[in-house]
Amino acid sequence: MKVERAPRIALRTVALAYLFVLLLVPVGLILFRTFENGIGAFWDQVTTPASISAMALTLEIVAIVVPLNVVFGIFVALALVRGRFRGRGFMQAIVDLPFAVSPVIVGVSLVLLWGVNGWFGGLAEVGIRVIFSLPGMVLATLFVTLPFVVREVEPVLHEIGDEQEQAAATLGANGWQTFWRITLPSIRWGLAYGVVLTVARALGEFGAVSVVSNGVSGQSETLTLLVANRFEDLNLFGSYAAATVLMGFALVALVLMTVFERRSTRA
Amino acid sequence: MIAAHGIHKHYGDFHALRDVSIEIPDGSLTALLGPSGSGKSTLLRVIAGLEAPDEGVIAIAGNDVTRLAPQGRGIGFVFQHYAAFKHMTVRDNVAFGLKIRKRPKAEIASRVDELLEIVGLAGYQGRYPSQLSGGQRQRMALARALAVEPRVLLLDEPFGALDAKVREDLRKWLRRLHDEVHVTTVLVTHDQEEAMDVADRIAVMNAGRIEQVGAPRDLYDAPATEFVMSFLGPTATLGGRLVRPHDLVLSRGPAEDAVPVTVERVVHLGFEVRVELRDGDDAQLSAQTTRAEAAALDVEAGQSLFVRAERPAVAA
């Protein structure tokens, strides 16, 4: 589409202004607030026991969620692309459910299911606590991050087709060998991209986790909860500092995302 | 020997193979020739074990392999679109089957080099498939299939994705390779010229059935059906019968069995001359003659001539 010079400049200005007001100003403001008292003050805020515990908990959740969703994601993507079974359309739709359902609803439904009065509430009586504890937060994060690996791996599987896998079979490779030597290396960049998206989403998850966690500082408080709790306690500076740490993690994920996306489109 | 007996295969409502039986002798290079949808690729994939037949038996070297996975059949398979392992170098592609078989490293290395020498890719060990041309990729795929010393080499339209010149070169090269290696080979193609050029036996397939099996020349000279006749070369209809255009003899005066025709157009194609005719029923046909014959008759458009078939034709 050919656009005249003046409208083109106007369009660009609007787009830039939009990004500036919506993205750069809030993020910049937080960074400014975080570092206006110097690096030392920031460092004090992010090395409190509560901060360190929140970071550790967040990373722990990520470390559990990512492998689970990688295995599940590859499995589902393979089933959706290669499988010939009834209910494929249903499965296709259900995978996107987490995109459509608000995380708060996910949290509430988890409480209904696993809470003391829920279907599986009996577990709490034998000492297995899900709600207000790590398993609940992991379940909530699993749910909201479920589609990413599936949706990134699926198109790659479509694109590579199954001829390479058939060739491997005629050369004597069994199913497992074919998966490790042919399928997995072929989808690696799509998978890596899916993993980064999963990590980014898991780091930032707030809605579902805030329902299933009681947010006890130093115990069941993730980084996002820490930001929110400090904000509510009017520890604004501490809140900004925690937010900056969270953004730091997200930034790393974003950089990796760009790298992987470029590789996956090139391969 | 590869033997297929009473093979049926359906894809939903589509009957891809209808009671197909064929025997492929050891050491032969057999072409499965037919139009698209004739079942030739399906038959090849059934032999390979990539598709399971609904009915029938496949035997390789006397063993029933019908229920055996492709891994256990001792086959090499070459795909139309190469199916190169894109994330592996040429060396690793060719070595794949040997690594799966856990052969010693030194043996694998020397075997890979030897095969790449045979297929003319020596020195390309470190390249990736994306750095090769189509013809080179297909030769790499052939080396990969041959590496495991298959009893049977199955080629599914191996030159179909290549341009005409490369296709012709590779065809000749495949024939030479087969003469050296002698592995029983089945080649699927829709190109009758390719089949005639490279194969020592041709099975012509149509609508899920085998129409005729034989040496290329026998099929051309003595086609069993009208389909085989028209698929293997150009045809003309004379007096309700199918004949080859080069078997039509033109004459100025009437002769036994000759039909009166009018010359519509004379096309000079180098050595040969195509004479386009129209008979008494207003039907068109072409005769193929040499330049000398055309000159002797002094053929030109508008002329009235007689035409007869030199050889017995197939009843249409």
Which atoms of A:Q164 come close to chain B, meaning under 4.5 Å heavy atom to heavy atom: side chain ones, backbone ones, both, or neither? both
Region of A:R181 in contact with chain B, defined by heavy-atom distances below 4.5 Å: both
Has the side chain of B:H178 got a donor or acceptor atom that lies under 3.5 Å from a matching backbone atom of B:G27? yes
Could you check which of B:G49, B:G76, B:A84 has the highest count of heavy-atom pairs closer than 4.5 Å to chain A? B:A84
If you tally heavy-atom pairs under 4.5 Å against chain A, which of B:M88, B:R73, B:K86 wins? B:K86
Side-chain donor-acceptor contact under 3.5 Å, B:T189 with B:D191: no
Which bit of [X] is near chain A, if near means a heavy-atom gap under 4.5 Å: side chain, backbone, both or neither?
X      : result
B:A145 : backbone
B:I75  : both
B:F77  : both
B:R101 : side chain

Specify whether B:Y11 and B:F14 have parallel, tilted or perpendicular ring planes, treating 30° as the upper limit for parallel and 60° as the lower limit for perpendicular. parallel
Which of parallel (below 30°), tilted (30 to 60°) and perpendicular (above 60°) describes A:F120 and A:W114? tilted
cation_pi(B:R144, B:F85) dist<6.0 Å, angle<=45: yes
Quick one: does B:R111's side chain get under 4.5 Å of B:E149's, heavy atoms only? yes
